[in-house]
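Notes for the one structure printed next.
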There are 2 protein chains.
Amino acid sequence: MLLGDRKLAILRTIIDDYIVTAEPIGSRTIAKKYELSSATIRNEMADLEEMGYLRQVHTSSGRVPSDKAYRFYVDKLMQVNALSGNEAAYIKDVYEKKSTQLEELLMLTAKTLSDISNYTAIAVGPKIDTVVVRSVRLIPIDANYVLLIVVTDSGIVRDMMIRKPFDMDESYLDKVSEKLNFYFRGRPVGGIGDDVFDQVKDGFLRDKVFFNSLVDAISETVESSNTRKVYTEGLNNILDIPEYSDIIKAKEFFSLMKKKQLMFDLVDSDMPQGVNIHIGDENPIEEMKSFSVVTATYCVNKKIYGSVGIIGPKRMNYPKVISLIDNVVDELTQHLVALGDGSGGYDEEE
Amino acid sequence: MLLGDRKLAILRTIIDDYIVTAEPIGSRTIAKKYELSSATIRNEMADLEEMGYLRQVHTSSGRVPSDKAYRFYVDKLMQVNALSGNEAAYIKDVYEKKSTQLEELLMLTAKTLSDISNYTAIAVGPKIDTVVVRSVRLIPIDANYVLLIVVTDSGIVRDMMIRKPFDMDESYLDKVSEKLNFYFRGRPVGGIGDDVFDQVKDGFLRDKVFFNSLVDAISETVESSNTRKVYTEGLNNILDIPEYSDIIKAKEFFSLMKKKQLMFDLVDSDMPQGVNIHIGDENPIEEMKSFSVVTATYCVNKKIYGSVGIIGPKRMNYPKVISLIDNVVDELTQHLVALGDGSGGYDEEE
DNA sequence: GTTAGCACTCTCTCTTGTTGAGTGCTAACA
DNA sequence: TGTTAGCACTCAACAAGAGAGAGTGCTAAC
């Protein structure tokens, strides 16, 4: 059987309605909109059900769109419009004048996505094998402390106060910084193993105590860059979605969203550039098969770096979510500072 | 009427029981524990109710402790034991080898408090008038960017990538850093108004573009230190508490906890050093009068800096929460780096 | 002072009936 | 052949009612 124009129109109406109301749609509702009798619509609906686009919750209930219907809707029926002026302005404003720190930006991104969509949003950091140490530096602070700073190419900056075991002047610290840079600059964070740290420690024969604690701190720092982070926002939005607003389901959802590895699997699985839509069963992880997830990747230095995603009910507002995520990822990518490759010199780039 | 030994014992049993079960306690339950008939217990309970220590939920229900009873329990009846070895070890481990950044430590503290207590925890940053700029510094990163670093005396480190409008070598950056330090070091963050920034901008006549963006960045940075932060963890624990495990109440709670000013009022109102307990009506803010809140202050340089708190039902496990918060604040204070006053020189401190 | 007994109260759960929205099917109509 | 009116049927949701069970207060006896 083919999807004639009328069936198409009815299907679209049902989906549009259901996205808003979350209630099964009956034939009378549709009949009113097309000057046809409810009986005729019932016949059409029965056909659409047979073709796999609609389901009934129970024998005498109205119809609800199937996963197949949503997929069809996303591929063929819906129209993605630009974000409203207000919302676009709001987003611009959020990113305006903000730190260029990846972590802060990701947090902000998750928050913005969830605030505007009213769904749950996540943002995940880069895969470790893509992060490279850009610079290591010691800064004098006071009589007792120096500040250790480690910068990576994606603008991740880590710092740690280190206690000085003895007096040291600035030129001394500069020398040490230089030495540390020699060892660490350009190394991918994921590729620094204990052997490297040990080797570096051996390289500093004098002032062993201080250097040990320095190297330990760098190791700690690298370690924490090494663990990919997940930023989740708008978890509680789930409570406003009728399908999930009961304690048991909400709790399940919360504990699900806490599992970091699952979240990586959710947004990483395959990441072709651009916006990706996974509807229900299409999701790579079992636990999310009753949700829809819209993801997108962000880039630094034109390399794919990580992903962000919006998690909502299958009847989510796809057009809005898609233009939202597109817009936000654009802004995010623009604000991520692309640092040089650290090969030194003032090479022209951009 | 006086609280005789038996009444005391019964009251304690009722409170202990109710803390665990959250169910009104009937006379039979108590009677079994003291070889007395339920009728006798009923008489005692009626007395206790008359004295204001117990309430009935409805005419034929068992008894529930009143706010007065909890207060009495906290002041006279309970015994605060040391934290279990496991838990103490867990806390030690959490703080071991962690960054000395105030913000990260506060986040960690809230998380630890909520993880161990299974209630909701908050941690708030210092009041702005107590934070002083310790050091400002520019670090060369690559051909296009320098990293601006601002350190405050509580170990808050802020950084921001700044685009260079022209080539500049390290000694030039050092000179600029020195100048910035001259203007900002020692200033309380809260006391830097727009006039100061304007004045500093005027001080840099050459290279105006660059300095403007630098000063803007510092202003931005100071601004963001200027907004006190609240870190909340374990919000969802509310769902495990029977009294609050319904959608409406949970939502109310969530939106309540989002109101930053309320949270400040909640933990700041009066902060005598040490652990503070507010039971129900004793809470300084209206919205929290059905909860109990246990707070404690943490210090840097022996000055009170901010507070942390645990929010739970009035029937919370006070002994455990108290020893927990005590333990954690101790650990937190130990890990907060006390920086020198910035007056220069290698003055002996500690 | 303690206790057994009893009438009473209130919540909670289970059952039952009713209503209303929706269906599928059939037969008649244009 | 597509459309429609009509009708029997199904199911969820709600309300009302009946017990059961846990608890109380009070009284009278020990």
Side-chain angles (χ1 to χ4, degrees), chain A residues 1-11 13-15 17-18 20-66 69 242-243 245-247 249, chain B residues 1-11 13-15 17-18 20-66 69 242-243 245-247 249:
Chain A
M1 199 185 307
L2 268 175
L3 269 175
D5 280 355
R6 193 167 70 184
K7 282 195 174 55
L8 223 60
I10 292 173
L11 182 56
T13 312
I14 291 176
I15 298 174
D17 249 48
Y18 188 68
V20 175
T21 63
E23 299 287 338
I25 316 293
S27 54
R28 262 178 59 89
T29 317
I30 305 294
K32 271 180 222 151
K33 297 197 181 161
Y34 304 85
E35 313 204 307
L36 283 169
S37 81
S38 63
T40 309
I41 303 295
R42 277 203 293 282
N43 287 331
E44 297 285 39
M45 281 174 147
D47 288 348
L48 283 166
E49 179 161 359
E50 204 181 324
M51 296 162 79
Y53 291 106
L54 297 179
R55 299 184 301 110
Q56 281 185 291
V57 181
H58 57 86
T59 359
S60 72
S61 80
R63 264 31 178 239
V64 160
S66 66
E243 296 95 305
S245 66
D246 90 274
I247 292 282
K249 282 188 189 159
Chain B
M1 199 184 306
L2 268 175
L3 268 175
D5 280 356
R6 193 167 71 184
K7 282 195 175 54
L8 223 63
I10 291 173
L11 182 56
T13 311
I14 291 176
I15 298 175
D17 248 46
Y18 187 69
V20 175
T21 63
E23 300 288 338
I25 316 294
S27 54
R28 262 179 58 89
T29 317
I30 306 292
K32 270 179 222 150
K33 296 197 182 160
Y34 304 84
E35 312 203 307
L36 282 170
S37 82
S38 63
T40 308
I41 304 294
R42 277 203 292 284
N43 288 332
E44 296 285 40
M45 281 173 148
D47 288 348
L48 283 166
E49 180 162 0
E50 204 181 324
M51 297 163 79
Y53 291 107
L54 297 179
R55 300 184 300 111
Q56 280 185 292
V57 180
H58 57 84
T59 2
S60 72
S61 79
R63 275 6 188 253
V64 160
S66 67
E243 295 96 304
S245 66
D246 91 274
I247 292 282
K249 282 189 190 159

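Labels below follow one simple rule: chain letters A, B, ... track the order of the sequence lines, proteins then strands, and each chain is numbered from 1.
In summary, the side chains of A/Ser38 and A/Arg28 do not present any donor paired with an acceptor at a separation below 3.5 Å, with no hydrogens or angles considered.
Note on B/Ser27: only backbone sugar-phosphate atoms sit closer than 4.0 angstrom, heavy atoms only; bases stay farther off.
A sub-4.0 Å separation between OP1 or OP2 of D/dT24 and a side-chain N or O of B/Arg63 is present. Proximity of A/Thr59 to the phosphate of C/dT23: no side-chain N or O atom is located under 4.0 Å from OP1 or OP2.
The listed nucleotides are D/dT24, D/dA5, C/dA4; the one nearest the side chain of A/Ser37 is D/dA5. Between C/dT2, D/dC26, D/dT4, one nucleotide has an atom nearer to the side chain of B/Arg6 than all others, and that is C/dT2. Out of C/dT9, D/dC11, D/dT4, the shortest distance to the side chain of A/His58 is found at D/dC11.
One interatomic measurement links the two molecules: CD of A/Glu50 to P of C/dT23, which rounds to 16 Å at whole-angstrom precision. Distance CD1 (A/Ile41) to P (D/dA5): 13 Å, rounded to an integer number of Å. Between the CG atom of B/Asp17 and the P atom of D/dG23 there is a distance of 11 Å, rounded to whole Å. Here the P atom of nucleotide D/dG25 and the CZ atom of B/Arg28 are 16 Å apart, to the nearest Å. Atoms CZ (A/Arg42) and P (D/dG6) sit 13 Å apart, rounded to a whole Å. Distance, B/Asn43 CG to D/dT24 P: 11 Å, rounded to whole Å. Atom P of nucleotide D/dA22 and atom CD1 of B/Ile30 are separated by 16 Å, given to the nearest angstrom. D/dC26 atom C1' lies 17 Å from atom CE of B/Met45, rounded to whole Å.
Smallest separation of non-hydrogen atoms from B/Leu54 and B/Glu49: O-CG, 3.5 Å.
Of the inter-residue distances, the one linking A/Ile41 atom CD1 with A/Lys32 atom NZ reads 12.0 Å to the nearest 0.5 angstrom. Rounding to the nearest 0.5 angstrom, the gap separating the CG atom in B/Leu3 from the CD atom in B/Glu44 is 10.0 Å.
Nucleotides of DNA chain D nearest to B/Ser60 and A/Thr40 differ in position, and the one nearer the 5' end is that of A/Thr40. Ranked by how close their nearest DNA chain C nucleotide is to the 5' end, B/Ser38 and A/Ser61 are led by B/Ser38.
When side chains are defined from C-beta on, A/Leu11 does not count as touching A/Arg6, because their heavy atoms never get closer than 4.5 Å. Residues B/Arg63 and B/Gln56 meet the side-chain proximity criterion, which asks for heavy atoms closer than 4.5 Å.
Consecutive Watson-Crick or G-U pairing (both distances under 3.5 Å) extending over three or more pairs maps onto DNA chain D as C:1-30 with D:1-30.
Remark: of the listed residues A/Ile15, A/Leu48, A/Ile14, A/Leu48 is the sole one forming a side chain to side chain contact (heavy atoms under 4.5 Å, CB included) with A/Tyr53.
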